[in-house]
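Step one of this worksheet: look at the structure below.
Note that ligands are numbered from 1 as they come in the structure, with each ligand's atoms numbered from 1 the same way.
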Amino acid sequence: MEKFVINGGKTLSGKVKISGAKNSALKLIAASILADSKTTLRNVPQIEDVSIMVEVLKNLGARVNVDRENKVIEINPESISSYEAPYELVRKMRASILVAGPLLSKFGKVKIAIPGGCNIGSRQIDLHLKGFKDLGAEYSVEHGYVNCYINSSRAGTRLCGTIINLDFPSRGASENIMMAATLAEGKTIINNAAREPEIVDLACFLNSMGANIHGAGTRRITINGVKNLKGTDYEIMPDSIEAGTFIIAAALCGDKVEIEDARWKNLEVFYFKLKEIGVDISVIDENNVRIESSPGTYKPTNINTLPYPGFPTDLQPIIAVLLSVVPGTSVVTENVFENRFMYVDELNRMGAIIKIDGHRAVIRGVEKLSGAPVRSFDLRAGAAMVLAGLAAEGETEVSDIYHIKRGYENFEEKLSLLGADIRRVE
Ligand code: UD1
């Protein structure tokens, strides 16, 4: 088991470059199944979740070539001969279920393991399945798997375009349904769709393959089905959550830190919250921002996580670390996942004073955190523990860092280059 050992209190300065977006890369790899020829993806982050999605595709029979050095992945889906996402892979990474829409749409059948709960909540897939059913598919649940197939009496050999009203703007459901609808017959409209920038990236990617999608990034996405899609060459957008993580690291213990490829427009609510707290964050241009830290002047605030364009739930544990050392009382309300405060007890072990009241965390800012051995419970909570360690006095050991490796490319290298004292040990 590997862990990070951090000697806190070092000042961060310099430049850091943000990698390709995990939550876009995973979907684009899945979507490449829809093409009839080879797709090349660029700026692919070299992280564990991407390796798992590559495994999922290889397991289906696709030929995948990974060039780690150049961050390029080539996917040839012509050899796909299996239509199953097995439990061993889905339990490692829930996003594996994103192959369901493409497989169902292209081959008329798919068998996916039901992901079950995870460390941040129960995370059902009912909205994905309801969407597939509205498109003319049938499904049955047996032995922990969903078997989904096109009902030929209703839709022939292709899915059938329709109007789908999502009860909640689920990102995964919007993506799975959008991918499924690209090869459906006729027009599909997804109402109350998720609006994240990664949804727009996926729609642009699919359009570059020959799909006909409008309105991605708004509540209503229209997909005019096409008969086939061709492979494409596409560069993945930068990762907003990684950018947000480095922005908070700089606000906590930076001198002057420049973040390249931060695309602050994708993080507008987060950005304005930081301004409200008093973080000196300035826009260099649309891709780059600069943070000059002045911790003594920060003020408490309230945060409410919401689907995009609201405050991102993925940055909730990370901003909580900053608020834990801001004098006064801040309240963080989690509205997207029911169990996203698992990190709080760990942060309290480092001297934070946070009380949980239902889906609210009430944070009384302390002067300093102090280093301690802590665990990472999930990807973002793990990153939050690292940031707490950077800001704390003394040594912090963060264990279970495989969670962090799932989503942050070269996390400790990037922090070290900024001046952090962090090393990975067995
Ligand atoms: C994605 C992101 C994740 C982020 C989350 C919310 C990826 C790989 N992951 O996850 O980092 O935290 O968006 O921004 O992109 N729900 C249902 N039924 C469904 C689907 C979802 O009840 O069929 C609920 C979930 O339990 C959760 C909420 O909807 O409470 C949000 O889930 P969703 O937007 O689907 O998140 P993911 O796509 O899984």
Side-chain angles (χ1 to χ4, degrees), residues 20-31 45 47-50 52-53 56 85 89-90 92-101 112 114-134 139 141 146 148 164-180 190 192-202 219 236-237 239-242 244-245 266-267 269-270 304-319 334-342 359 377-384 403-404 406-408:
K22 168 179 94 73
N23 289 349
S24 187
L26 299 176
K27 324 304 165 63
L28 269 50
I29 295 172
I47 51 175
E48 279 303 307
D49 274 9
V50 163
I52 297 171
M53 193 54 112
V56 174
L89 293 171
V90 174
K92 277 194 198 162
M93 187 186 65
R94 178 191 151 83
S96 311
I97 61 168
L98 269 303
V99 297
I112 43 162
I114 299 170
C118 71
N119 285 356
I120 57 176
S122 83
R123 303 185 83 173
Q124 302 189 8
I125 56 166
D126 55 324
L127 300 174
H128 301 236
L129 297 176
K130 184 173 176 296
F132 295 156
K133 194 162 186 195
D134 288 346
Y139 67 86
V141 178
V146 179
C148 201
I164 294 170
N165 299 304
L166 290 178
D167 291 344
F168 179 88
S170 152
R171 212 155 144 170
S174 304
E175 291 160 339
N176 235 340
I177 295 166
M178 180 162 76
M179 290 188 280
I190 309 175
N192 198 24
R195 289 179 280 168
E196 274 79 4
E198 288 83 357
I199 303 267
V200 179
D201 213 30
L202 176 59
R219 285 178 194 279
I236 293 165
M237 63 179 279
D239 195 310
S240 312
I241 305 301
E242 188 197 2
T245 305
N266 292 341
L267 280 173
V269 168
F270 171 75
N304 267 290
T305 67
L306 282 173
Y308 191 86
F311 191 96
T313 171
D314 284 352
L315 286 172
Q316 180 264 104
I318 290 163
I319 200 158
E334 173 58 55
N335 296 304
V336 180
F337 291 110
E338 74 261 29
N339 196 18
R340 211 158 192 182
F341 288 127
M342 298 269 284
H359 63 131
F377 280 104
D378 68 67
L379 167 58
R380 307 302 171 187
H403 286 298
I404 302 173
R406 281 186 39 213
Y408 288 90

- Note on the structure: With sequence neighbours left out, the residues meeting side-chain contact (heavy atoms from CB on, under 4.5 Å) with Arg195 are Arg219, Tyr308, Pro309
Mark up the atoms of ligand 1 that fall under 4.0 Å of a heavy atom belonging to [X], in ascending order.
X	answer
Gly172	35 (O), 38 (O)
Leu127	18 (N), 19 (C), 23 (O)
Thr313	6 (C), 12 (O), 14 (O)
Val336	27 (C), 28 (C), 30 (O), 31 (C)
Phe168	28 (C), 29 (O), 31 (C)

- Looking at ligand 1, does any of its N/O atoms fall within less than 3.5 Å of an N/O of Arg171? yes
- For ligand 1, find out whether one of its N or O atoms is nearer than 3.5 Å to an N or O atom of Ser170. yes
Say whether [X] and ligand 1 are in contact under the criterion: heavy-atom distance to a ligand atom below 4.0 Å.
X	answer
Arg94	yes
Arg340	yes
Arg380	no

- Note on the structure: Sorted by chain and number, sequence neighbours left out, salt bridge (Lys or Arg N to Asp or Glu O under 4.0 Å) with Glu242 holds for Lys414
- Query: Within a strict 4.5 Å, meaning less than it, do heavy atoms of the Lys133 and Tyr139 side chains meet?
  - Reply: yes
- Are the side chains of Leu267 and Leu315 in touch, meaning some heavy atoms are under 4.5 Å apart? yes
- Item | Under 3.5 Å: donor-acceptor pair, side chain of Glu196, backbone of Arg171 | no
- Ignoring hydrogens and angles, tell me if any N or O in the side chain of Asn192 forms a donor-acceptor pair with the backbone of Leu166 under 3.5 Å. yes
- Message: For Lys27, which part has a heavy atom under 4.0 Å from ligand 1: side chain, backbone, both, or neither?
- Response: side chain
- Query: What part of Asp314, side chain, backbone, both or neither, has a heavy atom within less than 4.0 angstrom of ligand 1?
  - Reply: side chain
- CG (Asn176) and CZ (Phe132) are apart, to the nearest 0.5 Å, by 3.5 Å
- Query: Roughly how far, to the nearest 0.5 Å, is the CG atom of Leu129 from the CD1 atom of Ile112?
  - Reply: 6.0 Å
